[in-house]
There are 2 protein chains.
Amino acid sequence: MQSPDRRSGKVGRPPRLSRDAILTAAQRILDEEGAERLSMRRLAKELSSTPMALYHHVQDKDELLMLLLEAHARSFPRPRFPEQPRERLFAGAQVLHDILADCPWVVEVLASDKFVSLSAMWIVENMIDALIACGLSPDDAVYAYRVIWYYTVGELTVRFNRERTRDAKAPPYRQRVMSSVTESDFPRLAVIGPRWVELTSVDHHRRGLEAVIDGLLAQNV
Amino acid sequence: MQSPDRRSGKVGRPPRLSRDAILTAAQRILDEEGAERLSMRRLAKELSSTPMALYHHVQDKDELLMLLLEAHARSFPRPRFPEQPRERLFAGAQVLHDILADCPWVVEVLASDKFVSLSAMWIVENMIDALIACGLSPDDAVYAYRVIWYYTVGELTVRFNRERTRDAKAPPYRQRVMSSVTESDFPRLAVIGPRWVELTSVDHHRRGLEAVIDGLLAQNV
DNA sequence: ACCTGAACACCGTTCAAGT
DNA sequence: ACCTGAACACCGTTCAAGT
């Protein structure tokens with residue numbers, strides 16, 4: 001199905017841009033300026049080109065983000081999975097989380113429904129397989145996988161938002177709420193208040209994942 | 001602390017806009033055109049005013065969204081909570097989810113770190129209290145609340161994205177991935193494939209919540 | 001085939017001026 | 001005190017034209 005023009009490479013104007021060059025430049029912007037600065041216009045500038053030149057190599061911004069995620073997932077070290085199904089499930093959920101934790105722009109990819117990364121499918125396959133090996137029916141395995149996925153997405157969303165607004169000063173509205181919490185009619189929150197904002201570590205995420213998985217497995221015996 | 005000008009209402013130009021009018025108009029746009037159409041400019045048009053007039057009544061778009069959420073949470077029927085702590089926790093998590101499930105724009109509110117809704121604080125207070133009544137330490141209660149919160153945020157994020165892109169046709173990239181999944185090297189996914197895209201019902205969410213909660217409580221005995 | 005320039009249809013927000 | 005208009009600094013994407 002390959003067009004002869006592409007194969008011979010002798011017809012038409014020779015390309016100055018390439019998918020690879022675009023992805024590399026995009027990654028550089030991501031690393032140096034953050035996900036919120038990556039726009040088609042900014043990227044074109046980085047490549048000393050025009051926004052529309054990019055559309056010859058990717059379909060739209062969503063595909064660009066998808067390709068970045070794909071490349072990242074491919075380059076991610078593939079761990080050896082344990083034999084024991086419960087541990088295998090846990091390891092799968094963890095590597096899924098860790099891959100995405102490096103990609104602050106997943107939120108946007110997630111927003112476009114194009115989030116079906118081939119390079120991460122083996123993990124999903126593995127998790128479903130582990131769930132079935134744990135004794136779940138195929139339907140229950142899908143359900144359980146979804147619960148784990150929701151937990152993962154939520155953790156990542158909150159994590160990225162915290163990182164993004166880390167050094168921004170709290171708006172006045174929030175201060176008003178906070179003081180009303182610590183002073184008054186929320187005794188439990190008042191006690192906990194000071195400890196509330198603690199950083200959420202990787203350990204917390206693992207422990208939560210353990211709870212979610214064990215809760216799911218206990219439901220299906 | 002109230003300014004005399006505001007009290008007498010006799011100084012300066014009489015107001016044509018009000019917070020209430022702005023919030024009502026915003027809600028109308030939300031209902032009729034969806035969250036992605038609510039912009040300061042669109043809202044100004046709805047009120048036959050200019051974008052900048054709005055900034056006299058709200059600080060910025062984030063505060064506007066926050067106020068909308070606040071109003072919604074206040075108007076939401078407050079259920080009677082069961083006595084039993086585990087059931088109380090479950091009921092709290094559920095009402096938290098249900099309140100937010102009506103607000104497709106929470107995702108944006110969440111993104112701004114201003115998401116501290118006073119009108120929903122009683123729920124959080126109640127959940128923390130229930131967790132402590134279940135025997136958790138204050139620190140463990142915060143951790144457990146967070147896990148439930150992540151699950152909730154993840155469910156809502158995925159839910160809204162699915163709703164938003166419900167009737168949009170799948171992009172070619174996705175089709176490529178899907179066929180490679182059903183055809184080839186993912187036997188588990190191939191079997192499950194057809195059932196994968198099923199709608200996620202409220203029942204699914206409850207069952208998942210149950211698993212998460214029981215998993216958390218089992219961790220702390 | 002590959003790229004450019006101008007344009008469309010949007011954003012949130014600031015600033016200086018008007019009533 | 002409340003509102004307007006113009007402007008700043010952006011978006012993603014389409015379309016017609018150039019090489």
Side-chain angles (χ1 to χ4, degrees), chain A residues 2-22 25-26 29 33-68 105 108-109 111-112 114 164-165 168 171, chain B residues 2-22 25-26 29 33-68 105 108-109 111-112 114 164-165 168 171:
Chain A
Q2 201 157 196
S3 91
D5 307 304
R6 269 199 176 282
R7 291 197 60 205
S8 65
K10 290 261 161 63
V11 179
R13 189 168 168 172
R16 269 187 35 206
L17 262 41
S18 70
R19 253 194 190 191
D20 257 29
I22 290 173
I29 295 174
E33 305 178 36
E36 64 282 337
R37 298 296 301 269
L38 179 62
S39 69
M40 296 307 263
R41 296 174 119 105
R42 173 74 192 80
L43 183 53
K45 215 166 255 164
E46 186 78 9
L47 292 158
S48 315
S49 182
T50 60
M52 281 319 295
L54 304 173
Y55 286 84
H56 245 261
H57 300 87
V58 296
Q59 254 193 342
D60 51 22
K61 199 190 174 185
D62 283 337
E63 203 201 8
L64 175 71
L65 294 173
M66 194 57 232
L67 291 168
L68 284 166
W105 69 96
E108 286 171 77
V109 183
S112 83
K114 295 170 196 172
R164 217 172 35 76
T165 55
Chain B
Q2 201 153 201
S3 93
D5 306 306
R6 269 198 176 281
R7 292 196 58 206
S8 64
K10 290 263 159 60
V11 179
R13 185 169 171 169
R16 271 186 33 204
L17 261 44
S18 70
R19 253 193 190 194
D20 258 29
I22 289 172
I29 295 173
E33 305 178 34
E36 63 283 337
R37 297 297 300 269
L38 178 62
S39 70
M40 298 304 264
R41 295 176 120 106
R42 173 74 191 81
L43 182 52
K45 217 166 253 165
E46 185 79 10
L47 292 158
S48 313
S49 182
T50 60
M52 282 318 296
L54 304 172
Y55 286 84
H56 247 261
H57 300 88
V58 296
Q59 257 194 339
D60 51 20
K61 199 190 174 184
D62 284 336
E63 203 201 8
L64 174 71
L65 294 172
M66 195 58 231
L67 291 169
L68 284 166
W105 69 96
E108 285 171 79
V109 184
S112 82
K114 293 169 197 172
R164 215 173 37 74
T165 55

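Here is how names work: the chains are called A, B, and so on, in the same order as the sequence lines, proteins then strands, and each is numbered from 1.
- Checking B:L38 against A:M52, the closest nucleotide of DNA chain C that is more toward the 5' end is the one next to A:M52.
- In terms of heavy atoms, B:D60 sits closest to B:Y55 at CA-CE2, 4.0 Å.
- Between B:H56 atom NE2 and C:dG18 atom P the separation is 16 Å, expressed in whole Å.
- Considering only side-chain atoms of B:P15, the nucleotide from C:dC2, D:dC2, D:dG12 that sits closest is D:dC2.
- One can place CD of A:E33 at 15 Å from C1' of D:dA9, the figure rounded to the nearest angstrom.
- OP1 or OP2 of C:dC3 lies within a sub-4.0 Å distance of a side-chain N or O belonging to A:H57.
- Ion pair B:E63/B:R19 flagged as a salt bridge, since at least one NZ, NE, NH1 or NH2 atom sits closer than 4.0 Å to an Asp/Glu carboxylate oxygen.
- Residues A:W105 and A:L65 approach most closely at NE1-O, 3.3 Å, considering heavy atoms.
- A straight line from CG of B:L17 to P of D:dC2 spans 11 Å, rounded to a whole angstrom.
- Between B:Y55 atom OH and D:dT4 atom P the separation is 15 Å, expressed in whole Å.
- Annotation: D:dA16 and C:dC3 have their C1' atoms spaced 13 Å apart (nearest Å).
- Within the 4.0 Å cut-off from OP1 or OP2 of C:dC3, not a single side-chain nitrogen or oxygen of A:T50 is found.
- Base pairing annotation: D:dC15 forms a Watson-Crick or G-U wobble pair with C:dG5, both donor-acceptor distances under 3.5 Å.
- Distance alone, capped at 3.5 Å, is enough to place a donor-acceptor pair between the A:H57 side chain and the A:L17 backbone.
- Between B:L54 atom CG and C:dG12 atom P the separation is 10 Å, expressed in whole Å.
- Distance from the side chain of B:M40 is smallest for C:dG12 among the nucleotides C:dG12, D:dG12, C:dC11.
- Between the P atoms of D:dA9 and C:dA9, the separation comes to 24 Å (whole Å).
- Atom NZ in A:K61 sits roughly 18 Å away from atom C1' in D:dT14 (whole-Å rounding).
- Remark: P of C:dC11 and CG of B:L43 are 11 Å apart, rounded to the nearest angstrom.
- In this model, the phosphate group of D:dT4 is approached by a side-chain N or O of B:R16 to a distance below 4.0 Å at OP1 or OP2.
- In terms of phosphate contacts, B:S49 brings a side-chain nitrogen or oxygen within less than 4.0 Å of OP1 or OP2 of D:dT4.
- Following rounding to the nearest Å, B:I22 (CD1) and D:dC3 (C1') show an atom-to-atom distance of 12 Å.
- Taking each heavy atom of A:L47 and A:A21 in turn, the nearest pair found is CD2-O, 3.9 Å.
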